[in-house]
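Got a structure here, written out as structure tokens. Questions coming.
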Amino acid sequence: MVSAARRAAAVAVAALALPLLAGCGQAQEVAQGVDRARDCAAVVGELTGVNWSDVRRNAAEADQAARRLDDRLRQVDDADVKRAGEALADRVRQLADAARGTDRADVQRAVDGVESAARRLATICDVPVDQVGG
């Protein structure tokens, strides 16, 4: 009889614990969402200070934008945001290299790369692409 009572108690405890454990998983998902939102806000906020028209025409401006983005990305924890931000910084550096040359086609390809990377970051951060720039 004691054995059956213990089993019944164990089943009852397990039944009560399952919703609590599920709640912990949801809390973790919420925390991850908050972390992503914080990281996105920081990266997108950094990009709002970039004059993309100048970046397209001036290699020094592009280098500066890439450095600012790299600096901000050191503080980003979310792996997806970090990868997308790093890809954007790489494309901006490629734009800087292209801007140093005279081949307009190279510059346009680099601009296309920046825009593509900006769209990816905007998608990950769930913001309009015009907030990311590019």
Side-chain angles (χ1 to χ4, degrees):
M1 189 78 103
V2 174
S3 166
R6 282 189 178 165
R7 270 185 262 152
V11 169
V13 168
L16 291 173
L18 286 176
L20 292 174
L21 292 174
C24 289
Q26 290 172 344
Q28 185 177 13
E29 288 175 24
V30 168
Q32 288 172 338
V34 169
D35 289 344
R36 176 171 283 189
R38 182 195 65 230
D39 287 343
C40 284
V43 172
V44 171
E46 188 65 44
L47 294 171
T48 60
V50 175
N51 183 333
W52 290 103
S53 295
D54 289 346
V55 168
R56 286 182 173 99
R57 293 187 304 257
N58 185 327
E61 291 289 331
D63 284 332
Q64 182 180 5
R67 276 194 308 276
R68 288 174 56 191
L69 191 51
D70 284 336
D71 289 344
R72 177 58 65 183
L73 289 168
R74 286 189 195 100
Q75 300 166 13
V76 168
D77 295 322
D78 186 274
D80 293 334
V81 174
K82 187 175 221 100
R83 262 192 305 276
E86 288 170 344
L88 179 57
D90 288 343
R91 298 299 185 265
V92 172
R93 278 190 285 280
Q94 289 172 1
L95 178 57
D97 291 342
R100 285 185 189 89
T102 57
D103 188 343
R104 294 173 75 79
D106 285 346
V107 172
Q108 186 56 52
R109 277 191 295 278
V111 166
D112 292 346
V114 168
E115 290 173 350
S116 176
R119 281 191 300 274
R120 172 116 172 92
L121 180 61
T123 298
I124 287 172
C125 289
D126 196 25
V127 298
V129 73
D130 63 335
Q131 289 185 8
V132 177

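These numbers come from the heavy atoms of this one structure, side chains and all, not from hydrogens, waters or symmetry mates. In this text, all values refer to a predicted model and were calculated from it rather than measured experimentally. One is the number of the first residue; the rest follow in order along the sequence.
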Mind checking the CG-CG spacing from Leu47 to Leu88? Nearest 0.5 Å is all I need.
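Here the interatomic distance stands at 6.0 Å.
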
Under a 3.5 Å distance rule, please check whether Thr123 uses its side chain to pair with a backbone N or O of Arg119 as donor and acceptor.
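Side chain of Thr123 to backbone of Arg119, a donor-acceptor pair under 3.5 Å: yes, one is there.
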
Validation row: Cys125, Val43 side chains within 4.5 angstrom (heavy atoms):
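They are not in contact (no side-chain heavy atoms under 4.5 Å apart), so the answer is no.
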
Check whether Arg100 reaches the backbone of Ala96 with its side chain - one donor and one acceptor, N or O, closer than 3.5 Å.
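Yes: the side chain of Arg100 pairs with the backbone of Ala96.
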
Any salt bridge between Arg67 and Asp70, counting N to O under 4.0 Å?
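No, this pair does not count.
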
Heavy-atom pair of closest approach, residues Val92 and Ala62
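What the structure gives for the nearest pair is CG1-O, 3.2 Å.
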
Value rounded to 0.5 Å, distance of CG in Asp63 from CZ in Arg93
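Rounded to the nearest 0.5 Å, the CG-CZ separation comes out at 9.0 Å.
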
Taking all atoms of both residues into account, what is the closest heavy-atom pair of Leu69 and Ala89, and its distance?
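That closest heavy-atom pairing would be CD2-N, 3.6 Å.
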
Could you grab the distance from atom CD of Gln75 to atom NZ of Lys82, nearest 0.5 Å is fine?
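If we round to the nearest 0.5 Å, Gln75:CD and Lys82:NZ are 9.0 Å apart.
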
Report yes or no: do Asp90 and Gln94 form a side-chain donor-acceptor pair below 3.5 Å?
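The answer is no; no qualifying pair exists.
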
Side chain to side chain donor-acceptor pair (under 3.5 Å), paired with Arg36, selected from Asp80, Asp77, Asp126
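With Arg36 as partner, Asp80, Asp77, Asp126 yield a single side chain to side chain donor-acceptor pair (under 3.5 Å), made by Asp80.
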
Nearest heavy atoms of Val50 and Ala65, plus distance in Å:
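What the structure gives for the nearest pair is CG1-CB, 4.0 Å.
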
If you count heavy atoms of other groups shown closer than 6.0 angstrom to CZ of Arg120, is the number above 12?
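Result for CZ/Arg120: open.
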
Taking every non-hydrogen atom, the tightest pair across Glu46 and Arg68:
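In terms of heavy atoms, the two residues are closest at OE2-NE, 2.8 Å.
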
Asp78 backbone acceptor or donor facing Asp39 side chain under 3.5 Å:
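Answer holds: yes.
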
Rounded to the nearest 0.5 Å, what separation is found between the CD atom of Gln108 and the CG atom of Asp103?
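Separation between the atoms: 11.0 Å.
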
Any idea which heavy atoms bring Arg56 and Ala99 closest together, and the distance?
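The pair with the smallest heavy-atom distance is O-CB, 4.5 Å.
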
